[in-house]
*Asks:* 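Pasting a structure here, questions to come.
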Amino acid sequence: MTVSENRMPLPRGLGARLGLLTSAAAICLTVALGAGRPVYAQDANPVIAKVNGAEIRQSDLAVAEEELGPSLQQMDPATRRENLIAFLIDMKIVAKAADAKKVGDTPDFKQKLAFARDRLLMDSLLATEGKAAVTDEAMKKVYEEATKQVAGEKEVRARHILVPTEEEAKAIKAELDKGADFAKLAKEKSKDPGAADGGDLGFFTKEQMVPEFSAVAFALEPGKISDPVKSQFGWHVIKVEEKRDRKPPSFDQVKGQIQAFVLRKAQADYVTKLRSEAKVERLDKPAEPAAPAAKPDAKAAPAAPAKK
């Protein structure tokens with residue numbers, strides 16, 4: 001309890017690759033449709049293999065790797081390449097057999113093909129829209145707006161000792177008043193997982209701890225030790241080590257997160273715009289909205305928010 005909330009390489013052979021054939025049904029349709037295929041100069045897109053005269057090119061391998069790559073991560077590059085080529089060969093063979101059996105003419109196949117085409121079109125367009133939105137200017141703007149919210153916010157670095165009862169907490173406070181080492185006592189008596197670090201919680205803001213804890217920690221001056229404090233986790237004795245203005249991370253530290261945020265927001269905004277312009281008719285009965293969750297008991301202690 002704490003104050004803060006806290007493949008094996010596949011053998012070659014058709015049988016072993018049936019999992020890939022099943023999980024990557026979309027790639028079959030991608031190749032069949034010619035969708036998502038990278039544009040290559042002819043000399044940069046060599047023929048890797050032929051199956052009953054049908055060519056498999058480097059671009060096909062790239063599409064397969066993009067689709068199946070995560071399942072082959074543990075393989076070395078040479079083994080991964082061989083597995084992908086073998087998969088594409090098997091796919092061509094099985095697809096030809098499916099054609100011979102007129103699988104492509106069945107209503108089920110046509111429905112799945114239409115769905116896959118729509119999905120590929122959607123993914124391709126959203127990828128383009130998202131990529132176009134991720135500019136240095138857009139990312140810097142998001143960063144600046146976020147850092148404004150942090151400006152002036154205070155942080156405290158504190159240690160604490162957590163015990164089940166008030167009597168234990170009072171006894172610990174008495175030892176500390178007599179000069180006992182706080183970190184040493186935390187290692188010996190605290191029930192918190194951070195006890196091994198001498199009860200050190202690092203820096204945190206008010207919102208990152210339960211209110212009872214934060215109220216005391218932010219009121220204490222550095223070096224001071226609190227009287228026992230009760231929270232939903234037990235009884236705490238708190239020592240404030242340091243106070244400071246919260247410092248936002250540098251742009252480079254959060255650039256990846258900002259990039260993902262800008263991309264996803266652009267995609268969501270684009271879908272919202274298209275939906276507002278579309279004529280949508282629901283012919284079934286829409287599901288009833290879920291009933292609102294019951295309000296928590298005002299007397300109950302709130303859960304400790306996760307530290308950021």
*Asks:* Just by distance, no angles: are the side chains of Glu144 and Thr147 close enough, under 3.5 Å, to form a donor-acceptor pair?
*Replies:* no
*Asks:* Let's go through Glu129 and Lys273 carefully: what are the C-alpha distance in whole Å and the side-chain angles of both, what is the deciding distance for salt bridge (charged side-chain N to carboxylate O under 4.0 Å, His left out) to 0.1 Å, and is it a yes or a no?
*Replies:* CA-CA 12 Å; Glu129 291 293 325; Lys273 174 180 177 295; over 6 Å; no
*Asks:* If we only count heavy atoms from C-beta on, is the Val240 to Phe218 side-chain gap below 4.5 Å?
*Replies:* no
*Asks:* Please confirm whether the backbone N or O of Ser250 pairs with a side-chain atom of Gln253, one donor and one acceptor, at under 3.5 Å?
*Replies:*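 Yes, Gln253 side chain to Ser250 backbone: donor-acceptor pair under 3.5 Å.
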*Asks:* Do Asp269 and Thr272 meet the criterion of a side-chain donor-acceptor pair at a distance under 3.5 Å?
*Replies:* no
*Asks:* Keeping the roles fixed (side chain from Thr106, backbone from Lys102), state whether a donor-acceptor pair exists under 3.5 Å.
*Replies:*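 Absent.
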*Asks:* Taking Asp197 for the side chain and Gly199 for the main chain, is one N or O donor matched with an acceptor at less than 3.5 Å?
*Replies:*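 Checked: no pair found.
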*Asks:* Are Glu168 and Thr165 linked by a side-chain donor-acceptor pair shorter than 3.5 Å?
*Replies:* yes
*Asks:* Assess whether side-chain contact (heavy atoms from CB on, under 4.5 Å) is satisfied between Met139 and Lys255, documenting all intermediate values.
*Replies:* CA-CA 8 Å; Met139 290 193 292; Lys255 185 176 180 180; 3.9 Å; yes
*Asks:* If you compare all heavy atoms of Val163 against all heavy atoms of Ile172, which two are closest, and at what distance to 0.1 Å?
*Replies:*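 Shortest heavy-atom separation between Val163 and Ile172 comes out as CG1-CD1, 3.5 Å.
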*Asks:* Hey, does Ile225 have a side-chain heavy atom less than 4.5 Å from the side chain of Lys173?
*Replies:*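 Heavy-atom side-chain distance check passes, below 4.5 Å.
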*Asks:* Hey, does the side chain of Ser214 reach the backbone of Pro211 with a donor-acceptor pair shorter than 3.5 angstrom?
*Replies:* no
*Asks:* Quick one: does Arg159's side chain have a donor or acceptor within less than 3.5 Å of a partner on Gly198's backbone?
*Replies:* yes
*Asks:* Would you name the heavy atoms of Ser226 and His236 that are closest together and state the gap between them?
*Replies:* OG-O, 4.5 Å
*Asks:* Ring of Phe203, cation from Arg244 - is the NZ or CZ under 6.0 Å from the centre and inside 45° of the axis?
*Replies:*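 Yes - Arg244 lies over the ring of Phe203, closer than 6.0 Å to its centre and within 45° of its axis.
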*Asks:* What pair of heavy atoms forms the shortest contact from Glu175 to Leu185, and how long is it?
*Replies:* OE1-CD1, 3.6 Å
*Asks:* Specify the closest pair of heavy atoms between Trp235 and Pro228, including all atoms of both residues, with the distance to one decimal.
*Replies:* CE3-CB, 3.8 Å
*Asks:* For a quick test of reading the model, state the closest non-hydrogen atom pair linking Phe109 to Val103 and the distance between them.
*Replies:*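 Nearest pair, atom of Phe109 first, then Val103: CB-O, 3.3 Å.
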*Asks:* Say whether, by atom type as modelled, one donor and one acceptor occur between the side chain of Arg57 and the main chain of Asn45 under 3.5 angstrom.
*Replies:* yes
*Asks:* Are Tyr270 and Leu274 close enough that some pair of their side-chain heavy atoms sits under 4.5 Å apart?
*Replies:* yes
*Asks:* In sequence, state the C-alpha distance, the side-chain angles, and the governing distance for Asp245 and Lys247, and then conclude on salt bridge (charged side-chain N to carboxylate O under 4.0 Å, His left out).
*Replies:* CA-CA 6 Å; Asp245 288 333; Lys247 296 179 181 179; over 6 Å; no
*Asks:* When hydrophobic residues are tied together by side-chain contacts of less than 4.5 Å, even through go-betweens, does Leu201 share a cluster with Ile161?
*Replies:*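 Result: no, two separate clusters.
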*Asks:* side-chain contact (heavy atoms from CB on, under 4.5 Å) between Phe182 and Val237: does it pass, once the steps are laid out?
*Replies:* CA-CA 10 Å; Phe182 195 100; Val237 178; 4.2 Å; yes
*Asks:* Run the salt bridge (charged side-chain N to carboxylate O under 4.0 Å, His left out) check on Arg80 and Glu65 step by step: do they pass?
*Replies:* CA-CA 9 Å; Arg80 182 166 61 248; Glu65 185 161 19; 3.2 Å; yes
*Asks:* What I'd like to find out is whether the side chain of Lys154 reaches to under 4.5 Å of the side chain of Lys243, using heavy atoms alone.
*Replies:* no
*Asks:* Between Asp99 and Lys101, does any side-chain N to carboxylate O distance fall below 4.0 Å?
*Replies:* no
*Asks:* So, Lys140 and Asp136, do they make that salt bridge, N to O below 4.0 Å?
*Replies:* no
*Asks:* Would you say that Arg117 contacts Lys112 through its side chain, given a criterion of any heavy-atom pair below 4.5 Å between the two side chains?
*Replies:* no
*Asks:* Could you walk me through whether Asp118 and Met122 pass side-chain contact (heavy atoms from CB on, under 4.5 Å), step by step?
*Replies:* CA-CA 6 Å; Asp118 286 347; Met122 178 186 74; over 6 Å; no
*Asks:* Under a plain distance cut-off of 3.5 Å, with no hydrogens placed, do Ser190 and His160 share a side-chain donor-acceptor pair?
*Replies:* no
*Asks:* Any link between Leu121 and Val63 through a network of hydrophobic side chains (Ile, Leu, Val, Met, Phe, Trp, Tyr) touching at under 4.5 Å?
*Replies:*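 Per the 4.5 Å side-chain linkage, Leu121 and Val63 are not co-clustered.
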*Asks:* Check Ala133 against Ala266 and note the closest heavy-atom contact, atom names and distance.
*Replies:*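 Heavy atoms of Ala133 and Ala266 come nearest at CB-CB, 3.3 Å.
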*Asks:* So does Thr79 get a backbone contact from the side chain of Glu82, meaning a donor-acceptor N/O pair under 3.5 Å?
*Replies:* no
*Asks:* Do side-chain atoms of Gln267 reach the backbone of Leu126 as a donor and acceptor pair under 3.5 angstrom?
*Replies:* yes
*Asks:* Could you go through Lys141 and Glu137, starting from their C-alpha distance and side-chain angles, then the distance that decides it, and tell me whether this counts as salt bridge (charged side-chain N to carboxylate O under 4.0 Å, His left out)?
*Replies:* CA-CA 6 Å; Lys141 183 178 179 181; Glu137 182 181 359; over 6 Å; no
